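All remarks here apply to the structure that follows.
Computed from a prediction, not measured in an experiment: that's the story for all the values here. Letters go in sequence order (proteins before strands), and every chain restarts at 1.
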Number of protein chains: 2
Amino acid sequence: MPSSARTADHTAEAFRRTLRAHGLKATPARIAVLTALARAPRPMSAQAVMDALPRNADQATVYRTFRTLKEKGVIRQIDLRHNHAHYEIAGAEEHHHLVCLQCGRVEDVDRCWIEDMQPAVLRRAKHFARITQHALEFYGICRSCAARERPSPRSTAKGSDIPLPSY
Amino acid sequence: MPSSARTADHTAEAFRRTLRAHGLKATPARIAVLTALARAPRPMSAQAVMDALPRNADQATVYRTFRTLKEKGVIRQIDLRHNHAHYEIAGAEEHHHLVCLQCGRVEDVDRCWIEDMQPAVLRRAKHFARITQHALEFYGICRSCAARERPSPRSTAKGSDIPLPSY
DNA sequence: AAATTATTTGCAAGTAATTCGCATTTAGGA
DNA sequence: TCCTAAATGCGAATTACTTGCAAATAATTT
Ligand SMILES: [Mn+2]
Ligand SMILES: [Mn+2]
Ligand SMILES: [Zn+2]
Ligand SMILES: [Zn+2]
């Protein structure tokens, strides 16, 4: 009996289908990245993925894979306040993380609660002594962007980036 | 009649007192950074702060000021998924942000709600067409760190950084 | 008010993370 | 099997941020 979504069909074949379904070529590199992410119990950094991949793991390819799969919604970027981005497979259940500001340790929070629930979150946690902060951001599309719908997807790099106040 | 906390005493004098209260020297640079953050309606990046500061605004000083004030809890770091950190004065009310994934626009959410409340958040929002994601992270101290309490505060840089799995 | 000193600053150089240009390879349809 | 758009790999570039160190200065102390 398969447990939950973490046990989903994270087989090479499944990934191959997912990629094709999104109109992407099912390359060894991409399948390897997805497999690494699927195996890891925590969000992974580019470096971690590269180390996990046996040989041929070019950084440019890994980063490009992250970007592509993130755009397609196959993986999710997680901010852990380390000095680099982390990614995890965008599995079914929405969940959050407990991040130690001192050592960086990360632990999943199985569901989405907040503030008043912090005591409860802490009680359920396995490795945390206390919670001192939490951050919540909503991401979506603003009115003006929705209006001129499709002015060019905001690539994470520069370009005619964020045409906005305060950088 | 002063409105809410955003109108708090964000005067140079008030900042001077705050700094001293935290055992820091009330330098022109620090007061200028705080004043810039106080004036801005949105979290600011280092670049934005430097541009806002009339003359003498060295990047090293701005970054060092961010780090120091963040450690003291005077300002708060905000992740907007742009390619750099943003900061805002850690005013009274805890609040979150609406971030446009396309153009980067940012808007405050006055209170802390979640998920089921997204429709309501969207209704209250002034500039958003839709919310497609939200991210919540809890920050605190993990058990092992709490145990050996004070092994050296995790500086944002490297060093004997995160002694953990997956980078 | 001048002397004292631990902090803080400014500048220049250094790093870490991520991106880009372009020649070469390859997945997958014809 | 051929063809071609898409993807890779390499190196160089960029960006965000940090650091070393000498000079400047805020807040004592006298
Ligand atoms: Mn997770
Ligand atoms: Mn805000
Ligand atoms: Zn927008
Ligand atoms: Zn810890």
Side-chain angles (χ1 to χ4, degrees), chain A residues 12-13 15-34 44-51 53 55-72 77-87 104 154-159 161-162 167, chain B residues 12-13 15-34 44-51 53 55-72 77-87 154-162 167:
Chain A
E13 264 320 300
F15 288 138
R16 186 179 301 283
R17 279 192 294 278
T18 301
L19 289 168
R20 303 290 12 263
H22 284 285
L24 298 171
K25 285 190 178 180
T27 68
R30 285 169 176 168
I31 294 170
V33 169
L34 283 171
M44 296 178 90
S45 64
Q47 189 55 241
V49 167
M50 283 160 56
D51 292 351
L53 265 43
R55 271 290 160 283
N56 37 23
D58 183 69
Q59 40 163 262
T61 300
V62 170
Y63 281 112
R64 278 188 287 232
T65 299
F66 280 163
R67 172 153 37 167
T68 307
L69 297 183
K70 175 169 73 159
E71 283 168 5
K72 295 297 186 179
Q77 182 176 347
I78 307 289
D79 168 42
L80 300 177
R81 299 215 185 164
H82 291 184
N83 328 65
H84 40 252
H86 285 71
Y87 294 85
R154 185 173 182 286
S155 70
T156 60
K158 61 169 187 178
D161 224 30
I162 321 168
Y167 277 70
Chain B
E13 263 321 298
F15 289 138
R16 186 181 301 281
R17 279 193 294 280
T18 302
L19 289 167
R20 302 292 11 261
H22 284 285
L24 297 172
K25 286 189 178 181
T27 68
R30 285 169 175 166
I31 294 170
V33 169
L34 283 171
M44 297 178 91
S45 64
Q47 189 55 241
V49 168
M50 283 158 57
D51 291 352
L53 266 44
R55 272 288 161 286
N56 35 24
D58 185 68
Q59 47 161 257
T61 300
V62 170
Y63 280 113
R64 279 188 287 232
T65 298
F66 279 163
R67 172 153 37 170
T68 306
L69 297 183
K70 174 168 75 159
E71 282 167 8
K72 296 296 188 179
Q77 183 178 346
I78 307 288
D79 168 42
L80 300 177
R81 299 215 186 162
H82 290 185
N83 329 62
H84 41 253
H86 284 72
Y87 294 85
R154 185 172 181 286
S155 71
T156 61
K158 62 169 189 179
S160 59
D161 226 30
I162 320 169
Y167 278 68

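- Distance Gln47(B) CD to dA16(D) P: 8 Å, rounded to the nearest Å.
- Between Arg20(B) atom CZ and dT7(C) atom C1' the separation is 11 Å, expressed in whole Å.
- Comparing Ala26(A) and Arg64(B) against DNA chain C, the residue whose closest nucleotide sits nearer the 5' end is Arg64(B).
- To the nearest 0.5 angstrom, Arg30(B) atom CZ is 10.0 Å from Arg64(B) atom CZ.
- Here the closest heavy-atom approach between residue Ser45(B) and residue His86(B) is recorded as N-CD2, 3.7 Å.
- As rounded to whole Å, 17 Å separates atom P of dT18(C) from atom NE2 of His82(B).
- Minimum interatomic distance between Phe66(B) and Val49(B) (heavy atoms only, all atoms of both residues): CZ-CG2, 3.7 Å.
- With dT9(C), dA27(D), dA16(D) as the choices, the nucleotide that has an atom nearest any side-chain atom of Tyr63(B) turns out to be dA16(D).
- Between Arg16(B) and Asp58(B), the residue anchored closer to the 5' end of DNA chain D is Asp58(B), taking for each the nucleotide with the nearest heavy atom.
- With distances taken from any side-chain atom of Arg30(A) to the nucleotides dC10(D), dT8(D), dA26(D), the minimum falls on dT8(D).
- Comparing dA27(D), dT19(D), dA7(D) by their nearest atom to the side chain of Lys25(A) picks out dA7(D).
- Across all strands, Ala60(A) comes closer than 4.0 Å to base atoms (heavy-atom distances).
- Nearest nucleotide to the side chain of Arg67(A), out of dG28(C), dC20(C), dA17(C): dC20(C).
- Between the CD1 atom of Ile31(A) and the P atom of dA27(C) there is a distance of 10 Å, rounded to whole Å.
- Regarding Gln59(A), its CD atom lies at a distance of 14 Å from the C1' atom of dT15(C), rounded to whole Å.
- Comparing Thr27(A) and Ala46(B) against DNA chain D, the residue whose closest nucleotide sits nearer the 5' end is Thr27(A).
- Going from atom CZ of Phe66(A) over to atom P of dA7(D) covers 17 Å, rounded to whole Å.
- Side-chain contact between Leu24(B) and Thr18(B): absent, with no pair of heavy atoms (C-beta onward) separated by less than 4.5 Å.
- Residue His84(B) places its side chain closer to dC17(D) than to any other of dT19(D), dC17(D), dT8(D).
- Distance, Leu24(A) CG to dG28(C) P: 10 Å, rounded to whole Å.
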